[in-house]
Undergrad: 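What follows is a single structure, and I will ask about it in a moment.
Only heavy atoms go into these numbers, but all of them, side chains included; no hydrogens, no water, no symmetry mates. Sequence lines set the chain letters: A, B, ... in the order given, protein chains first and strands last, and positions in each chain run from 1.
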Amino acid sequence: MTSMSYTCRLLPTCNETKVSKFLHLIQSSCQLFSTVANSLQFDSWEHRDEEKDVDFNLLFRSCTKLHHVKRLQARLLVSGRAESFFLSRLVNLYAHFGDVSFAEKAFNHIPNKDIYAWNSMVSAYVGNGRFYKTVAFFYELLYASGLRPDCYTIPPVLKACKDIVNGKKVHCSILKMGFEWDVYVGASLINMYSRFGSLEAARMLFDHMPVRDRASWNAMISAYCQNRNGAEALRVVEIMRAEGIRMDAVTIASVLPICAQLDDIVTGKLMHLYAIKCGLEFGLFVSNALIDMYAKLSTLGHARRVFDQMMERDIVSWNSIISAYEQNEDPITARSFFDKMQQAGIGPDFYTLISLSSIVAKFCDYRHARSLHGFIMRRSWCAEEVVIGNAIVDMYAKIGDLDSARAAFEWLHIKDVVSWNTMISGYAQNGLASEAIELYRMMEDCEEMIPNQGTWVSILPAYSHVGALQQGMRTHGTVLKNGLYLDVYIGTCLVDLYGKCGKLDDALSLFHEVPRESSIPWNAMISCLGVHGGGEKALKLFREMLAEGVQPDRVTFVSLLSACSHSGLVSDGQQCFETMQEKYGIKPNMQHYSCMVDLLGRAGHLDKAYSLIKSMPLQPDAAVWGALLAACRLHGNSQFGKYVSDHLFEVESENVGYYVLLSNIYAHIGNRDGVTKVRTSVRDKGLKKTPGWSSIEVNNNVDVFYSGNQTHPKSDEIYEELRALTEKIKTLGYVTDISYVLQDVEEDEKEHILMGHSERLAIAYGIISTPPRNPIRIFKNLRVCGDCHNATKFISKLTEREITVRDSNRFHHFKDGICSCGDYW
DNA sequence: CTAGGGTTAG
């Protein structure tokens, strides 16, 4: 207290922040003092014996604990003062401490229930989440009590309405009783309609209100905010201020989230400034909203400062700062805040667990994932159950444990659209496209599941991944029917689908229909041109992008650099790499470096590629060294290849693909010892090759072939066709290159292994299943094998078919014995 | 003594 009065004297010399902080301190201290005082008071009163002197009004005000209320109730009964007035206040107190059943008992004890008693019970139900009960209780009051509700009854009942039908029914009752012009009722009605998205109804009520106070304005503003109509919300704020009504903490807390939605940091900062000016910046709601807004606008420093400056923090504050770091890709700090929260004695709630599941997923921590799952299972989350269940599904999917994800998905009592979307995209993003497609088919069979934007952006990449063009087109049709085709994300997925399925013209014309303010569709289109070997076109599109004022990001440059690399545009690529850093201030990441190493290495500048690696500020990963190793293979430099592979196996010793690459290098120069060494080390390490697969779509159906697989129903025909093809192309000059086979077997066996490569099985299946001279499109998950590449050239000439093979790297368009990549791949 | 408008989400 002494220090406080001292500070008071210093106050005139303080700046505004300090004054505002100080005022806040006084406020919260006052609350604390009065709570302590009341509590002491309760104890001193209770021990007095002379009952006639007891001032029950004072005792009611002194209850700070649930047991106070119970003792007070006993006292009331003993002194014969259990009248409606006091018992109703007991109901309020029990409700305040969260004990609904005691509130009900007290209510039932009331002899002649007046409207105040009923109102107290209504509030008791609402305040403790018994929404269904509240509405039923209201109708009991209306039809069975013989009493007339007053305007205190209505707002809590409106709050309890969980669907529009009930809401409208209550609205009717209000009209019949003539309460519609009460300010409190008005704000509640606006709020109710806004909850169900009926903004027109809300606005109509608002416009017709004869008296409006600040809460009415706030109700209208938050109605727009919560329905994501930020622009209209800000317009209402303007009108409100024009009418001379000041914004308060509620207005600010409502408007801040839309600043984040509209990506409008200027308005956000103005709101913050206004809050500082009015001394509202340390309010709990305002601070929490500020943290969230700054986090969403990726200005973590501001969010952190607001959090650090807070006088008191509640669970929302902690949740907001945790999710701030989680969403800005800093799971380590996020988790440290979670630890601090627990140290502060605050238990996790629904929102905390949602963030936590994302954090655990980012750590790829299977054990923590399981324990979090268990922790959640042991508690019931009622209405929030779906959301949290979906978060669990997503968590397992992100870790890559699709079996656990599917189990959690199946276990959900209620599945909503998001559950399905999460599971579908989980499969799709882990490369399990067939599972994603299968699940989407199941979803289509559930009539009550209406697919939405999230569904399309989950399923379209799966089609794109396996080249299911016909099914993708069917989905495109469904999207058009839903009127969603202009959505940037869906549009981009469709551009990607057509582009990746070889329909470059369709991709381009779609690209012109999609909104193009953001870099997302541009990046997709540039990448498509790149994989088709259209480096020049990609560069041209990039220039158009700049001319339209679209800001390129790091993804843009990844697409661009890889486009240059595929087309051998070395100097253009180098220039892009420089522009990216100098003009756009983007620091190159691992992907950019591996593109550059690929670009230089492919063109034969192995030394330049190597010195780029040496100059990297990051620790080069397997992709970077792998690109260089592939370049050594392309240019037949086995000595350097060995050196590079030593580095490569230091950072990644499990990927068989790289061993195959090294063995190819040795085999190509006839170094049998080298080949044997590589083979032995693969065997000793017990490594398994990533199963290679190729897919082809015939008659709306995608068939997937694995290497050496003979389980396909037409397997015999396929092998027969392949044998015949091989004989014929040999007469055209094809020579088998067995250096692509790692296995230690006889030469004719090697030939057989090459023949069983998935891409060849798919091509042969295409040939026997489609009419002569029809084009064939193949998808392969790995890079196409060099011998298969050569064989395909001959097959295209022999069968007079255009054969397109999209591998994990680029497009190969075979026509008349020539490949579009010019063997530069 | 009882009532309205506000922050965090898959």
Undergrad: Over all strands shown, is A/Thr422 touching base, sugar-phosphate only, or nothing at heavy-atom distances under 4.0 angstrom?
TA: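 Counting heavy atoms under 4.0 Å across all strands, no contact is made by A/Thr422.
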Undergrad: Distance check needed: B/dT8 C1' versus A/Met341 CE, whole Å only.
TA: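 Going from CE in A/Met341 over to C1' in B/dT8 covers 11 Å.
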Undergrad: Using only side-chain N and O atoms of A/Gln226, determine if any of them is under 4.0 Å from OP1 or OP2 of B/dG6.
TA: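 Affirmative; the distance criterion is met.
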Undergrad: What is the separation between atom CD1 on A/Ile388 and atom P on B/dT8, rounded to the nearest whole Å?
TA: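 After rounding, the reported distance stands at 17 Å.
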Undergrad: Looking for any heavy atom pair under 4.0 Å, which part of the strands does A/Ser323 touch: base, sugar-phosphate only, or nothing?
TA: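 The answer is nothing, as A/Ser323 stays clear of every strand by at least 4.0 Å.
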Undergrad: Taking only N and O in the side chain of A/Ser222, is any of them less than 4.0 Å away from OP1 or OP2 of B/dG6?
TA: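 Answer is yes, contact under 4.0 Å.
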Undergrad: Which of the following nucleotides, B/dG4, B/dT7, B/dT8, is nearest to the side chain of A/Phe285?
TA: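 Out of B/dG4, B/dT7, B/dT8, the nucleotide with an atom closest to A/Phe285's side chain is B/dT7.
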Undergrad: Quick one: A/Ile322 CD1 to B/dA9 P, roughly how many Å, whole number?
TA: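 To the nearest whole Å, that distance equals 13 Å.
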Undergrad: Check the angle between the aromatic planes of A/Trp420 and A/Phe409 and answer parallel, tilted or perpendicular using the 30° and 60° thresholds.
TA: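 A/Trp420 and A/Phe409: perpendicular rings.
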Undergrad: Have a look at A/Val91 and say if it touches a base, only the backbone sugar-phosphate, or nothing, with a 4.0 Å heavy-atom cut-off.
TA: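 Nothing: the residue A/Val91, judged by heavy atoms under 4.0 Å, touches no strand.
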Undergrad: Can you check the A/Trp118 CH2 to B/dA3 C1' distance for me, whole Å?
TA: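 After rounding, the gap between these two atoms is 18 Å.
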Undergrad: Is there a donor on the side chain of A/Asp248 or the base of B/dG6 sitting less than 3.5 Å from an acceptor on the other?
TA: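 By the distance-only test, no, there is no pair.
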Undergrad: Within the pair A/Asn390 and B/dA9, is there a side-chain N or O less than 4.0 Å away from OP1 or OP2?
TA: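 Result: no.
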Undergrad: Using a heavy-atom cut-off of under 4.0 Å over every strand shown, decide if A/Phe86 touches base, sugar-phosphate, or nothing.
TA: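 Nothing, no heavy atom under 4.0 Å.
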Undergrad: I want to check one thing: is the phosphate of B/dG6, taken as OP1 and OP2, less than 4.0 Å away from some side-chain N or O of A/Asn218?
TA: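 Looking at the OP1 and OP2 atoms of B/dG6, neither is under 4.0 Å from any side-chain N or O of A/Asn218.
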Undergrad: Between the side chains of A/Thr422 and A/Asn390, does any donor sit under 3.5 Å from an acceptor?
TA: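 No donor-acceptor contact under 3.5 Å links the two side chains.
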Undergrad: Determine whether more than 12 heavy atoms belonging to other residues, nucleotides or ligands lie under 6.0 Å from atom NZ of A/Lys362.
TA: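 Yes, the 6.0 Å shell around NZ holds more than 12 heavy atoms from other groups.
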Undergrad: When the distance from CE of A/Met209 to P of B/dG5 is rounded to whole Å, what number comes out?
TA: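 The answer, rounded to whole Å, is 12 Å.
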Undergrad: Does the ring of A/Tyr152 lie flat against the base of B/dA3, closer than 5.5 Å centre to centre with planes under 30°?
TA: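 Ring-base stacking flag not set for A/Tyr152 and B/dA3.
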Undergrad: Could you tell me whether A/Glu243 and A/Arg241 have a side-chain N and a carboxylate O separated by less than 4.0 Å?
TA: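 No salt bridge links A/Glu243 with A/Arg241.
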Undergrad: Looking across every strand, which nucleic acid part, if any, lies under 4.0 Å from A/Asn191 by heavy atom: base, sugar-phosphate, or nothing?
TA: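 Contact class for A/Asn191: sugar-phosphate only.
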Undergrad: Does B/dG10 have OP1 or OP2 under 4.0 Å away from a side-chain N or O of A/Lys398?
TA: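 So the side chain of A/Lys398 is outside the cut-off, no N or O lying under 4.0 Å from OP1 or OP2 of B/dG10.
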Undergrad: When we call it a touch if two heavy atoms are under 4.0 Å apart, what does A/Cys225 touch: a base, just sugar-phosphate, or nothing?
TA: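 The residue A/Cys225 makes no contact with any strand.
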Undergrad: Is the number of heavy atoms from other residues, nucleotides or ligands under 6.0 Å of A/Arg313 CZ greater than 12?
TA: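 Correct, the count exceeds 12.
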Undergrad: Classify A/Asp150 by what it touches in the nucleic acid, base, sugar-phosphate, or nothing, heavy-atom distance under 4.0 Å.
TA: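 If one applies the 4.0 Å heavy-atom cut-off, A/Asp150 turns out to touch nothing in the nucleic acid.
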Undergrad: Separation of A/Phe307 atom CZ from B/dT7 atom C1', in whole Å?
TA: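 Rounding to the nearest Å, CZ of A/Phe307 and C1' of B/dT7 are 14 Å apart.
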Undergrad: Do A/Glu104 and A/Tyr94 have side-chain N/O donor and acceptor atoms under 3.5 Å apart?
TA: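 There is no such pair (donor and acceptor under 3.5 Å, judged by atom type) between the side chains of A/Glu104 and A/Tyr94.
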Undergrad: For A/Phe131, look at atom CZ and say whether over 12 heavy atoms of other residues, nucleotides or ligands are found less than 6.0 Å away.
TA: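 More than 12 heavy atoms, drawn from other residues, nucleotides or ligands, come within 6.0 Å of this atom.
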Undergrad: Over all strands shown, is A/Asn421 touching base, sugar-phosphate only, or nothing at heavy-atom distances under 4.0 angstrom?
TA: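 If one applies the 4.0 Å heavy-atom cut-off, A/Asn421 turns out to touch nothing in the nucleic acid.
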Undergrad: Among B/dT8, B/dG10, B/dG5, which is the nearest nucleotide to the side chain of A/Asn319?
TA: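 From the listed options, B/dT8 comes nearest.
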Undergrad: Counting heavy atoms from C-beta on, name the nucleotide in B/dG6, B/dG4, B/dT2 closest to the side chain of A/Pro155.
TA: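 So the side chain of A/Pro155 is nearest to B/dG4.
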Undergrad: Of the nucleotides B/dG10, B/dT7, B/dT8, which one has an atom closest to the side chain of A/Val387?
TA: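 The answer is B/dG10.
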Undergrad: Report which part of the nucleic acid A/Asp314 touches: base, sugar-phosphate, or nothing (heavy-atom distance under 4.0 Å, all strands).
TA: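 It contacts nothing in the nucleic acid.
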Undergrad: Just compare B/dG4, B/dT8, B/dG6 and give me whichever is closest to any side-chain atom of A/Ser216.
TA: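 Among B/dG4, B/dT8, B/dG6, the one nearest the side chain of A/Ser216 is B/dG4.
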Undergrad: If you check every side-chain atom of A/Asp182, which of B/dT7, B/dA3, B/dG4 has the closest atom?
TA: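 Nearest nucleotide to the side chain: B/dA3.
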Undergrad: Would you mind classifying the nucleic acid contact of A/Glu326 as base, sugar-phosphate or nothing, using non-hydrogen atoms under 4.0 angstrom?
TA: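 No contact.
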Undergrad: What nucleotide, of B/dG10, B/dG5, B/dT7, holds the atom closest to the side chain of A/Ala289?
TA: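 Nearest to the side-chain atoms of A/Ala289, counting from C-beta on, is B/dT7.
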Undergrad: Rounded to whole Å, please give me the gap between CD1 in A/Ile321 and P in B/dA9.
TA: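 After rounding, the reported distance stands at 14 Å.
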Undergrad: How close or far is atom P of B/dA9 from atom CG of A/Asn288, stated in whole angstroms?
TA: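 In whole Å, B/dA9 P and A/Asn288 CG are 12 Å from each other.
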